[in-house]
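Note sheet for the following structure.
The chains referred to below are lettered A, B, ... by the order of the sequence lines, with proteins before strands, and numbering in each begins at 1.
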2 protein chains.
Amino acid sequence: MKSQPHEVFRQYLEAQGLKLTKQRTEILDYLLRARDHATPERIHADLRAKDPMLGRATVFRTLLLLEKAGFASKILFSDGSHGYEHKFARPHHDHMICVDCREVIEFSNATIERLQDQISRRFQFTPLWHRHEIFGRCRKCGPKPAQGVK
Amino acid sequence: MKSQPHEVFRQYLEAQGLKLTKQRTEILDYLLRARDHATPERIHADLRAKDPMLGRATVFRTLLLLEKAGFASKILFSDGSHGYEHKFARPHHDHMICVDCREVIEFSNATIERLQDQISRRFQFTPLWHRHEIFGRCRKCGPKPAQGVK
DNA sequence: ATTGATACTGATACTCAATATCAATATGAA
DNA sequence: TTCATATTGATATTGAGTATCAGTATCAAT
């Protein structure tokens, strides 16, 4: 029995006149399995273990496709690099990102969401999406900067 | 009479054993004058009109210096590129960014700030800074996508 | 004003993520 | 099975950002 996301993806591709390929399936699978913040390079490297012929360009192309289709979204790290996460059956959420170990903690807050809409309305701004990231140190890394380690 | 920011900058440099140079002054000036979201490339191109010898590396170095000193901060655009804005006598604020015309509207909301602290505490996360960007369409560009124009 | 230690600059070369190109291939409707 | 065409992977290329380093500007001490 096929899982829901694959079926939704297949239907999307069909509607767009696009094709369902092994590579696209592999990459979607990866995102569905990944706990968090998978970078394109990382995805490429990991998937190559199973499919050594998988090209870099295909990974980038597919991530862009998934993003445009609304099935995945970018997470930006503090150093400017970024990763992806899938959006299947995941409610909207924002991120707290540890500047030491890069752990990503998800949070969501209905009051903040509501305030955002109020603020937008006040400026006659039509919000489409947002990004709310809090940078700092996670429980494990503690309030003090990491010592020694680069 | 010298303006405040230049004096503060000079004192910072002195305290760090760094030197006040023509280039650093030019770049700080640029940020102080710019309305918003000046990209490194843009700053370089514009300043070259007056100072054709100004190097790319110097612009990047100086922006990094200003950022580390706390005199400037990055704004990230939706396409992943970024710009800078100075922070002299500007209270903390976040941004609404128009996806059509790239206009940047500043906002701030004490309640949101407070909620962020609450959420962080709940996760034993020590917040250092944050970034809260709402993407959408500004009053001028209206709620519908721009037509024709790339 | 001159000197001199050293921070700074600009040119160049380089890195590396991301993109464009294109011949070969896989997909899926007929 | 056929075949138009979307897709792929290899390759070349781009472009933002960085490292290097010889020459230069700054500024404290004289």
| message | Once side-chain hydrogen bond (donor to acceptor under 3.5 Å, both in side chains) is applied, what residue pairs with a partner in residues 119-129 of chain B remain, sequence neighbours excluded? | response | none
Quiz: residues 61-71 of chain A side-chain donor-acceptor pairs under 3.5 angstrom, not counting sequence neighbours:
unit_1: A/Arg61; atom_1: NH2; unit_2: A/Thr58; atom_2: OG1; d: 3.2
unit_1: A/Thr62; atom_1: OG1; unit_2: A/Thr58; atom_2: O; d: 2.8

| Where does the chain B footprint on DNA chain C start and end, counting 5' to 3' with a 4.0 Å heavy-atom cut-off? | C/dT6 to C/dA11
| request: Let me know the distance between CG of A/Leu13 and P of D/dA6, rounded to the nearest Å. | output: 13 Å
| When you check every protein heavy atom under 4.0 Å of nucleotides 15-20 of chain D, what one-letter string (B, S, -) results, 5' to 3'? | -SBB-B
| task | Compute the centroid of each ring, for A/Tyr84 and then for A/His82, and state whether the two points are separated by less than 6.0 Å. | result | yes
| Does the side chain of A/His130 reach to within under 4.5 Å of the side chain of B/Phe135, using non-hydrogen atoms? | no
| task | May I ask which nucleotide in the shown strands pairs with D/dT7, Watson-Crick or G-U wobble, both distances under 3.5 Å? | result | C/dA24
| task | Using the test side chain to side chain donor-acceptor pair (under 3.5 Å), find all partners of A/Gln23 that sit at least two apart in sequence or belong to another chain. | result | none
Could you pull out every donor-acceptor pair under 3.5 Å between side chains of residues 47-56 of chain A and any protein atom, sequence neighbours left out?
unit_1: A/Arg48; atom_1: NE; unit_2: A/His44; atom_2: NE2; d: 2.9
unit_1: A/Arg48; atom_1: NE; unit_2: A/Leu54; atom_2: O; d: 3.1
unit_1: A/Arg48; atom_1: NH1; unit_2: A/Pro52; atom_2: O; d: 3.4
unit_1: A/Arg48; atom_1: NH2; unit_2: A/Leu54; atom_2: O; d: 3.1
unit_1: A/Asp51; atom_1: OD1; unit_2: A/Met53; atom_2: N; d: 3.3
unit_1: A/Asp51; atom_1: OD2; unit_2: A/Lys22; atom_2: NZ; d: 3.2
unit_1: A/Arg56; atom_1: NH1; unit_2: A/Glu41; atom_2: OE1; d: 3.3
unit_1: A/Arg56; atom_1: NH1; unit_2: A/Glu41; atom_2: OE2; d: 2.8

| said: I'd like to know if the side chain of A/Glu85 pairs up with that of A/His93 as donor and acceptor (distance under 3.5 Å, no hydrogens or angles considered). | reply: yes
| task | In plain terms, say whether A/Glu106 and A/Arg90 are close enough for a salt bridge, that is, a side-chain N and a carboxylate O under 4.0 Å apart. | result | yes
